[in-house]
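Letters A, B, ... mirror the listed sequences (proteins, then strands); counts begin at 1. All heavy atoms count here, side chains included; hydrogens, waters and symmetry mates do not.
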Amino acid sequence: MSDNSYAISVEGLSKNYGTRRSVSALTFNVPYGSICGFVGPNGSGKTTTMRMLLSLISKTSGEGRVLGSAISEPMKYLDRVGAMIEGPAFYPSMSGVENLKIFARMGGLRGTDPNSLLAQVGLAQRGTSKYKTYSLGMKQRLGIAAALILDPELLILDEPTNGLDPNGIQEIRELITGLAQSGRTIFISSHLLSELEVICDYFVMLKAGELMYAGFKEGLLGGNNCDLIAKPEFGVDLANLANIAALRGLDTSIRGGFLHIQRAGELAAEFNRWACDEEIYLQSLTTSSPSLETKFFEMSANQ
Amino acid sequence: MSKSAFDATRGELLKFRRLSFLLSVFGSLGVLTLLIVGFAWSRAEKHSSSMNLTTGFDMALFFLGVLTLCICASYTAQEYTYGTLRNVLVLTPSRQAFLIGKLSALSALIFFLTLYTFLVSSVVSLFMSGRHGVNLIPSLEGKALLTTLAHCLNGFLGTMALGIFGIALGLITRSPIIAISLGLLWSLIIESALGGALPRIGRWLPTANFESLAQSGATGFTYIHCLGLSAFYLLLISLPALYLFKQRDVSQ
């Protein structure tokens, strides 16, 4: 069974649309307090999974728990969850402030100050403008502001940086990091893998509705996966340096005057010593982790 | 009413608190009521006994019904087309509460629209009646006043029935344009055609029956008959609408 000690916990969660299986027996956990990146190509089932977690659509089979309560009982947890699913959605002929007031009322909150929420997402100047006049980036910000109305423990954000310019992306990144620092759990999907790599400490990866990976960032990108990149003081020593590594059973390649030793990140100090013993001195020695993007494509190809 | 339904009602009511919405709805309703009632009186003969305080109101109810059907269908279906239903259902997890909230808020709006139509039509009637030598003052005294107010209440019930019809269409079609088109097509064209072709069933049809209810009954149809038949028709369309709303995935 799913575990109560996680903010999100699903086991065997599936969703079929007719004969088409959109999400296939997903099993993963998201720890409390983490910023979890939910990664996968278009149509991989990310939004469907998020909708099931929010009880907007019914599951076909499997179990799920959000903040300790079963997803079949949304009344028990949705008042502690904020969400923006598949883009922002508001009443176009009303202003940002009016929209937030309506949603706050519906959430049973009377003292909510829409202006402070708008200020939090950098939209204070346009709060009284009609929603239909907003740019895509402004709509995204308003969507995040609406997700914060209930001051939630868990934020579920689907593509929150979609349509934002680089400055906007950075602001949202800082906002999300700040929200996580106050103890919230954030479950976020995005196509901008480089962005997720910066802010997330936990990842759930999907492909075609199936789970590829669920776990901490270090397990995915760090540890033994890390490559070692060395450059000798003199170029003529490059081949000898490669031999030193090869003699110890390491895979090497020479690219652009650098020796790349695969999955040898933890051997940096030792490799430096081996080189010194052979009187080869290194001009540089660095480690290189595969990016989330590289890892994602690598895992996709292997599936 | 549960707290979440009460909150949903308050949220829905906020949507109506917009000057542009109120001006367009009450403005157009006021102008049309004035024209309809004024026209009815202008065609009436001097000292006509067929004209009373509610004659104009009964005529204006037709336009109020059409307006109500459109507003209710649109306000319900647009939650799907705007995608706001997913926001709302995260904040108000009970779909039942959301629906009660929407129905309560729209009922309040329909009540004020009916009252407003009644007031405008009464003022116009009182103004025009003097020129036609008809004394309407007795309609505002004693038992006659109670009858007049009961007529206004029935006007509200008949309009409310059309509103529920609109809400149900909005829930079933999930598109304001389709819901409004279907509602108007049925009320204005199909029922008229059926009523024309088969006069004996004309008054048994839903919209005609709602109209009879609004007019406190019709020839050959008692008020209770209209009330019972209206309830039956509303149940007939509301049950599948409620089932679909409860069971359907919110994937838009």
Legend entry - Segment of A:S55 engaging chain B (4.5 angstrom heavy-atom cut-off): backbone

Inset, instruction - Check the surroundings of atom CD in A:E153: do more than 12 heavy atoms from other residues, nucleotides or ligands lie under 6.0 Å from it? - result: yes

Legend entry - Side-chain heavy atoms of A:R105 within contact of B:F6, under 4.5 Å: no

Inset, instruction - Could you tell me which of A:G108, A:A83, A:A147, A:G82 has the largest number of non-hydrogen atom pairs under 4.5 Å with chain B? - result: A:G108

Legend entry - Heavy atoms of other groups near B:F26 CZ, more than 12 under 6.0 Å: yes

Legend entry - Value rounded to 0.5 Å, distance of CE in A:M106 from OG in B:S4: 11.5 Å

Inset, instruction - Pick one of side chain, backbone, both or neither for B:Q247, based on which atoms fall under 4.5 Å of a heavy atom in chain A. - result: neither

Legend entry - Minimal non-hydrogen separation, A:A89 against B:Y82, with atom names: CB-O, 3.3 Å

Legend entry - Separation between CG of B:L13 and CD1 of A:I102, rounded to the nearest 0.5 Å: 10.5 Å

Inset, instruction - Against chain B, label A:S93 side chain, backbone, both or neither, depending on which of its atoms sit under 4.5 Å from a heavy atom there. - result: both

Inset, instruction - Please flag which part of A:Y17 lies under 4.5 Å from any non-hydrogen atom of chain B: side chain, backbone, both or neither. - result: side chain

Inset, instruction - Assess whether atom CZ of B:F62 is packed by more than 12 heavy atoms of other residues, nucleotides or ligands within 6.0 Å. - result: no

Inset, instruction - Measure A:L150 against the heavy atoms of chain B and call it side chain, backbone, both or neither at under 4.5 Å. - result: side chain

Legend entry - CA sep, side-chain torsions, deciding dist, call: B:E79, A:Y91, side-chain contact (heavy atoms from CB on, under 4.5 Å): CA-CA 9 Å; B:E79 300 285 1; A:Y91 304 104; 2.8 Å; yes

Legend entry - Segment of B:R10 engaging chain A (4.5 angstrom heavy-atom cut-off): both

Inset, instruction - Could you tell me which non-hydrogen atom of B:R86 sits nearest to which non-hydrogen atom of A:E86, and how far apart they are? - result: NH2-O, 3.0 Å

Inset, instruction - Report yes or no: does B:N87 contribute a side-chain atom to a donor-acceptor pair with the main-chain N or O of A:F103 at less than 3.5 Å? - result: no

Inset, instruction - First locate atom CG of A:N99, then atom CG of B:L14, and finally report the distance between them rounded to the nearest 0.5 Å. - result: 10.5 Å

Legend entry - Within 6.0 angstrom of B:Y243 OH, more than 12 heavy atoms from elsewhere: no

Legend entry - Heavy-atom pair of closest approach, residues A:V81 and B:V90: O-CG1, 4.1 Å

Inset, instruction - With salt bridge (Lys or Arg N to Asp or Glu O under 4.0 Å) as the test, would you mind laying out the steps for B:D249 and A:K59 before giving the verdict? - result: CA-CA 10 Å; B:D249 287 343; A:K59 62 185 169 67; over 6 Å; no

Legend entry - B:L115, CG: over 12 other non-hydrogen atoms inside 6.0 angstrom: yes

Legend entry - Between CZ on residue B:R248 and CD1 on residue A:I57, distance to nearest 0.5 Å: 15.0 Å

Legend entry - chain B contact via A:K15 - which portion, at a heavy-atom distance below 4.5 Å: side chain

Inset, instruction - Report the option among A:P92, A:G143, A:G107 that has the most heavy-atom pairs separated by less than 4.5 Å from atoms of chain B. - result: A:P92

Inset, instruction - Compare all side-chain heavy atoms of B:K15 with those of A:M94 and state whether any distance is below 4.5 angstrom. - result: yes

